[in-house]
> 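Below is the structure I would like to discuss, written out as structure tokens.
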Amino acid sequence: MIKVAPSILSADYVNLQRDIEMVEKGGAEYLHIDVMDGTFVPSISYGPGFVKAIRKVSNLFLDVHLMVEKPGHLIQDFADAGADLIGIHVEATQHIHGDIQTINNAGMKSEVVINPGTPVSAILPILHMVDQVLVMTVNPGFGGQKFLPETVAKIAELNQLKADKGYTYDIEIDGGVNADTVVACYEAGATVAVAGSYVFNDANPVAKINALKTATK
């Protein structure tokens, strides 16, 4: 059964604590927090202060996804804010090895992220260092996009590498996730599913969390 990480990008910010408490009680394991700088992706979201505020009201695992250029200088700030995991894009840094080391040394779990156009081969040198790999199943920056089925092959490739090399990383998917698209991803090896609009844009978010879990039993 897949672990569910609702993305607060689609939550009601005026009633954010309510929404967080609802998905926590509804069986979500993670809370996905998209940090966007307006450069690496066109949108702008929030910073470490937002994570610090969420940490005060939730015991959920805080999965912080940095969609920013040169993420290295932000790692300690998010560690201090209470992040449990930081994910960085291999496309956004010239120092992916060093940045992953920084995350690990700060006491957080580390994640490397690859966009739909980036091959798995781009992250082979650091797979032994990470706790999670995030496969973007849409192009990053906007919620509500349509799932890209060609990304399933990358999930399967990562899962095979995990088995062959004895790695222990989770494989997370993000983008266009629903009870239909999650099935092929789970069968290919995905273990964590980010879902934003699918969960929070529904009148019953908890039912959507349950639907993702039921689809992957």
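Hydrogens, waters and symmetry mates play no part in the numbers below; they use all other heavy atoms, side chains included. On a predicted model such as this, the values are computed, not experimentally measured, just so you know.
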> Please step through side chain to side chain contact (heavy atoms under 4.5 Å, CB included) for the pair M136 and Q145, ending with a clear verdict.
CA-CA 11 Å; M136 292 300 300; Q145 296 183 61; over 6 Å; no
> Any side-chain to backbone donor/acceptor pair from K208 onto F200? Under 3.5 Å, distance only.
no
> Okay, side chain of Y186, backbone of M1: is any donor-acceptor separation there less than 3.5 Å?
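Yes; judged by distance alone, with no hydrogens or angles, the pair exists.
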> For residues K154 and I114, determine if any side-chain heavy atom of one lies less than 4.5 Å from a side-chain heavy atom of the other.
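Of all side-chain heavy-atom pairs linking I114 with K154, at least one is under 4.5 Å.
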> List the residues meeting side chain to side chain donor-acceptor pair (under 3.5 Å) with N159, not counting sequence neighbours, and say none if there are none.
none
> What is the distance from atom CD1 of I20 to atom OG of S58, rounded to the nearest 0.5 Å?
6.0 Å
> Could you tell me whether a side-chain N or O of E29 sits under 3.5 Å from a main-chain N or O of V4, the two making a donor and an acceptor?
yes
> Where the side chain of N178 meets the backbone of D180, is there a donor-acceptor pair that is under 3.5 Å apart?
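Such a contact is found between N178 side chain and D180 backbone.
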> Could you check whether any side-chain N or O of T214 sits under 3.5 Å from a backbone N or O of N210, counting only pairs where one atom can act as donor and the other as acceptor?
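Confirmed, T214 side chain pairs with N210 backbone.
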> Flag the pair S10 / N201 as yes when at least one side-chain heavy-atom distance between them is below 4.5 Å, and no otherwise.
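Yes; the side chains approach each other to less than 4.5 Å.
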> Can you see which heavy atom on T151 is nearest to which on P116, and at what distance?
CG2-CB, 4.3 Å
> Is a side-chain donor-acceptor pair under 3.5 Å present for D63 with H65?
no
> Are the side chain of N104 and the backbone of M129 linked by a donor-acceptor contact shorter than 3.5 Å?
yes
> For I54 and I8: C-alpha separation, side-chain torsions, deciding distance, then whether side chain to side chain contact (heavy atoms under 4.5 Å, CB included) applies.
CA-CA 10 Å; I54 292 171; I8 61 169; 3.5 Å; yes
> Side-chain heavy atoms under 4.5 Å apart, restricted to Ile/Leu/Val/Met/Phe/Trp/Tyr: what other residues fall into the cluster of V152, or is it alone?
F147
> Roughly how far, to the nearest 0.5 Å, is the CD atom of Q17 from the CD atom of E24?
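E24 CD to Q17 CD: 10.5 Å, rounded to 0.5 Å.
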> Yes or no on side chain to side chain contact (heavy atoms under 4.5 Å, CB included) for D37 and V35, after CA distance, side-chain angles and deciding distance?
CA-CA 7 Å; D37 64 355; V35 177; over 6 Å; no
> Going by an N to O cut-off under 4.0 Å, is there a salt bridge joining K52 and D77?
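The answer is no: the pair does not qualify as a salt bridge.
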> Give a yes-or-no answer on whether the side chains of S7 and D34 include a donor-acceptor pair shorter than 3.5 Å.
yes
> Nearest 0.5 angstrom please: K3 NZ to T216 OG1, how far?
12.0 Å
> Atom CD of residue position Q94 - does it have more than 12 heavy atoms of other residues, nucleotides or ligands inside 6.0 Å?
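No, the 6.0 Å shell around CD holds no more than 12 heavy atoms from other groups.
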> Between S110 and I100, what is the shortest heavy-atom contact and its length?
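In terms of heavy atoms, the two residues are closest at OG-CG2, 3.9 Å.
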> Give the cluster check for L161 versus I123: same hydrophobic cluster or not, with ILVMFWY residues linked at side-chain heavy-atom distances below 4.5 Å.
yes
> Show the nearest heavy-atom pair for residues M108 and A83, with the distance to one decimal.
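Nearest heavy atoms, M108 then A83: CG-O, 3.4 Å.
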> If two hydrophobic side chains count as joined below 4.5 Å and joins carry through other members, does L62 share a cluster with M36?
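In one cluster: yes.
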> With rounding to the nearest 0.5 angstrom, report the CD1 to CG distance, I88 to D99.
4.5 Å
> What heavy-atom pair brings T137 and G175 nearest, and what distance separates the two atoms?
OG1-O, 2.7 Å
> So do P6 and I209 actually touch side chain to side chain, heavy atoms under 4.5 Å?
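They are in contact (side-chain heavy atoms under 4.5 Å apart), so the answer is yes.
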> Same hydrophobic cluster for L124 and I155, using side-chain heavy-atom links shorter than 4.5 Å among ILVMFWY?
yes
> What closest approach, in Å, do V177 and A193 show between heavy atoms, and which atom pair accounts for it?
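Closest pair (atom of V177, atom of A193, distance): CG1-CB, 4.1 Å.
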> Hey, is the main chain of L158 close enough, under 3.5 Å, to the side chain of Y169 for a donor-acceptor pair?
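Answer holds: yes.
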> Starting from the C-alpha separation in whole Å, work towards a yes-or-no answer on side chain to side chain contact (heavy atoms under 4.5 Å, CB included) for K165 and L127.
CA-CA 10 Å; K165 300 290 187 178; L127 284 178; over 6 Å; no
> Keeping D170 on the side-chain end and T191 on the backbone end, is there a donor-acceptor pair under 3.5 Å?
no
> Same cluster or not: V130 versus I75, using hydrophobic residues (I, L, V, M, F, W, Y) connected whenever any side-chain heavy atoms lie under 4.5 Å apart?
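Cluster IDs for V130 and I75 match.
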> Decide yes or no for D84 and R55: does some side-chain heavy atom of the first lie under 4.5 Å from some side-chain heavy atom of the second?
yes
> Drop me the distance from K146's NZ to T181's OG1, to the nearest 0.5 angstrom.
11.0 Å
> Using atom types as modelled and distance alone, determine if a side-chain donor or acceptor of E91 lies under 3.5 Å from a backbone N or O of T118.
no
> Please round to the nearest 0.5 Å and tell me the distance separating atom OG1 of T93 and atom NE2 of H73.
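That separation rounds to 11.0 Å.
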> In this structure, are over 12 heavy atoms from other groups packed under 6.0 Å from K109 atom NZ?
no
> If I compare all heavy atoms of L16 with all of A11, which pair ends up nearest, and what's the gap?
CD1-CB, 3.8 Å
> For residues L212 and V135: do they belong to one hydrophobic cluster (side chain heavy atoms under 4.5 Å, members Ile, Leu, Val, Met, Phe, Trp, Tyr)?
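Yes; V135 is reachable from L212 via cluster members.
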